[in-house]
Amino acid sequence: MSVSEYAEPWEPVPGWLNTASYGLPPRSGWAALQAALRDWRVGARSWEPWDESTTRARESFARLVGANAADVFVGSTVSAALVPIADSLPDGSTVLVDDIEFTSNVFPWKVHEDRGIHVVSAGTADFLDAIRPGIDLVAVSAVQSATGTVLDLAKVVAASKEVGALLVVDASQAVGWLPITVDGVDALVAHAYKWLMSPRGATFGYLSPRLQERCRPLAAGWYAGDDVHTSYYGTRMHLAPDARRFDQSPAWFSFVGAAPALELIEEIGVEQIHRHNLALANEFRAGLDLPPGDSAIVSAELPGAEEAFAAAGVRAAVRGGRLRASFHVYSTEADVRLALKALDGVRNS
């Protein structure tokens, strides 16, 4: 089946071009969430069936990024997922970030400046050259939120290895539309409420086995136990031997909605979604007289675009003073036409 044949699971109001802010749930995810909320409201069942969704979602995410599920942990936010990694850095380490890196992948490192952790930055165009001896950890997004720039991950992996730096990738703007794997990466974290079309509150993280050995599970609670059901009370701590020891106790309903959404992405296929999204993004770019790109996010300097979109009912975003439109599996050519028509006056002025 083509992506267009999967349109039925979504019912977007025309003109939604803002998946980079949040994705729209497929019917399966929405229905699962509503069923769980109905049960919660009247106390119809215990929590264990809801928690089964956490296991399903973890395993689905692992398949999407080519990881072993035993190396994937769950949580609620990207910044919290990075805490154990930041804590593991030796005093005086140097961390390299992009100049426009989303702060969830900046602040967790900077709060350790009192230990001599030094955060340096480089522009996107110069980022690869900035990975040089003296850099201990590279923290960068697979796709930049502000601009939609797609990282050449293979080159960053090679450069990081050459200087012996750890590589931590924020894939929140990538997983779900961009084919990406954890090959050569020490950590990959992603919130699921964007391109994975899940409720906010479901985050996934991959930790390489060597990084797991370096990190302490600072947020460990009952859910990080080897057997969660015998970890409710007392002082005995027997944590999971794999990445589950880094789990934060999950927000059940977020994962109830996440599991069906991730499984549907697997069913459709990320490669197909990638082709679909790029085709629409490049159709939009062509309408703006921009050259073809390699991202589902289109960033353009168009004064007045925000007002024009609002008047036409097109929902996009402005980031860094530039229009940001993003295209996903439920986006259509009609959305592109609507957006370009809304911009007619702006482009011709």
Side-chain angles (χ1 to χ4, degrees), residues 17-21 65 78-79 82 85-86 93-110 117-163 165-191 194-195 274 277-278 281-282 284-285 288-302 305 316-327:
L17 299 180
N18 204 10
T19 296
S21 291
V65 299
V78 164
S79 54
L82 298 179
I85 307 172
S93 296
T94 298
V95 177
L96 172 68
V97 301
D98 194 291
D99 278 346
I100 56 170
E101 190 70 19
F102 197 85
T103 52
S104 291
N105 195 16
V106 178
F107 290 178
W109 319 110
K110 285 189 71 68
I117 301 298
H118 188 41
V119 177
V120 298
S121 65
T124 302
D126 303 317
F127 193 79
L128 196 63
D129 291 335
I131 305 174
R132 57 187 63 169
I135 298 297
D136 300 294
L137 185 145
V138 176
V140 66
S141 291
V143 177
Q144 284 296 337
S145 172
T147 62
T149 301
V150 177
L151 184 73
D152 190 331
L153 185 56
K155 289 185 178 179
V156 171
V157 166
S160 300
K161 284 187 175 180
E162 185 174 345
V163 300
L166 293 171
L167 175 58
V168 178
V169 175
D170 180 351
S172 297
Q173 295 287 8
V175 181
W177 77 267
L178 182 69
I180 186 171
T181 71
V182 299
D183 291 347
V185 170
D186 294 290
L188 182 146
V189 295
H191 207 304
K194 299 177 184 291
W195 305 90
H274 179 251
N277 292 7
L278 286 191
N282 283 330
F284 182 62
R285 291 178 65 89
L288 299 179
D289 296 322
L290 297 173
D294 61 354
S295 180
I297 299 173
V298 178
S299 175
E301 189 167 353
L302 286 171
V318 174
R319 294 292 184 269
R322 296 168 63 88
L323 173 72
R324 186 187 72 179
S326 41
F327 301 83

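Every value quoted in this text rests on a predicted model; they were computed, and no experiment measured them.
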Give a yes or no on whether the backbone of [Y] and the side-chain of [X] come within a donor-acceptor separation of less than 3.5 Å.
X	Y	value
Ser79	Pro108	no
Asp186	Leu167	yes
Asp136	Leu166	no
Lys194	Ala20	yes
Asp170	Ser141	no
Ser295	Val150	no

Which atoms form the tightest heavy-atom contact between [X] and [Y], and what is the distance?
X	Y	result
Gly293	Asn282	N-OD1, 2.7 Å
Ala130	Ala122	CB-CB, 3.6 Å
Ala296	Leu278	N-CD2, 3.9 Å
Gln144	Ile297	O-CD1, 4.3 Å

* **Note, Asp152 side chain near Phe127 side chain (heavy atom, < 4.5 Å)** =>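 Result no, sub-4.5 Å side-chain heavy-atom pair not found.
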* To do: State, with a plain yes or no, whether a side-chain heavy atom of Arg324 is found less than 4.5 Å away from one of Leu17.
  =>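 Arg324 vs Leu17: side chains apart.
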* To do: List the steps, then state whether side chain to side chain contact (heavy atoms under 4.5 Å, CB included) holds for Leu137 with Trp109.
  => CA-CA 10 Å; Leu137 185 145; Trp109 319 110; 4.0 Å; yes
* Hey, mind stepping through Leu96 and Ile131 against side chain to side chain contact (heavy atoms under 4.5 Å, CB included) and telling me if it holds? -> CA-CA 8 Å; Leu96 172 68; Ile131 305 174; 3.7 Å; yes
* **Val157 vs Asp183, side chain to side chain contact (heavy atoms under 4.5 Å, CB included): CA-CA, chis, key distance, verdict** => CA-CA 9 Å; Val157 166; Asp183 291 347; over 6 Å; no
* Asked: Between His274 and Trp177, what is the ring plane arrangement, given parallel below 30°, perpendicular above 60°, and tilted in between?
  ->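 Judged by the thresholds at 30° and 60°, the geometry between His274 and Trp177 is parallel.
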* Verify whether one side chain among Thr147 and Arg322 offers a donor that lies under 3.5 Å from an acceptor in the other. =>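 There is no such pair between these side chains.
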* Asked: side chain to side chain contact (heavy atoms under 4.5 Å, CB included) between Trp195 and Asn277: does it pass, once the steps are laid out?
  -> CA-CA 11 Å; Trp195 305 90; Asn277 292 7; 4.0 Å; yes
* Asked: Does Asp98 have any salt bridge (charged side-chain N to carboxylate O under 4.0 Å, His left out) partners at least two apart in sequence or in another chain, and if so, which?
  ->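 Per chain and number, Asp98 pairs via salt bridge (charged side-chain N to carboxylate O under 4.0 Å, His left out) with no residue.
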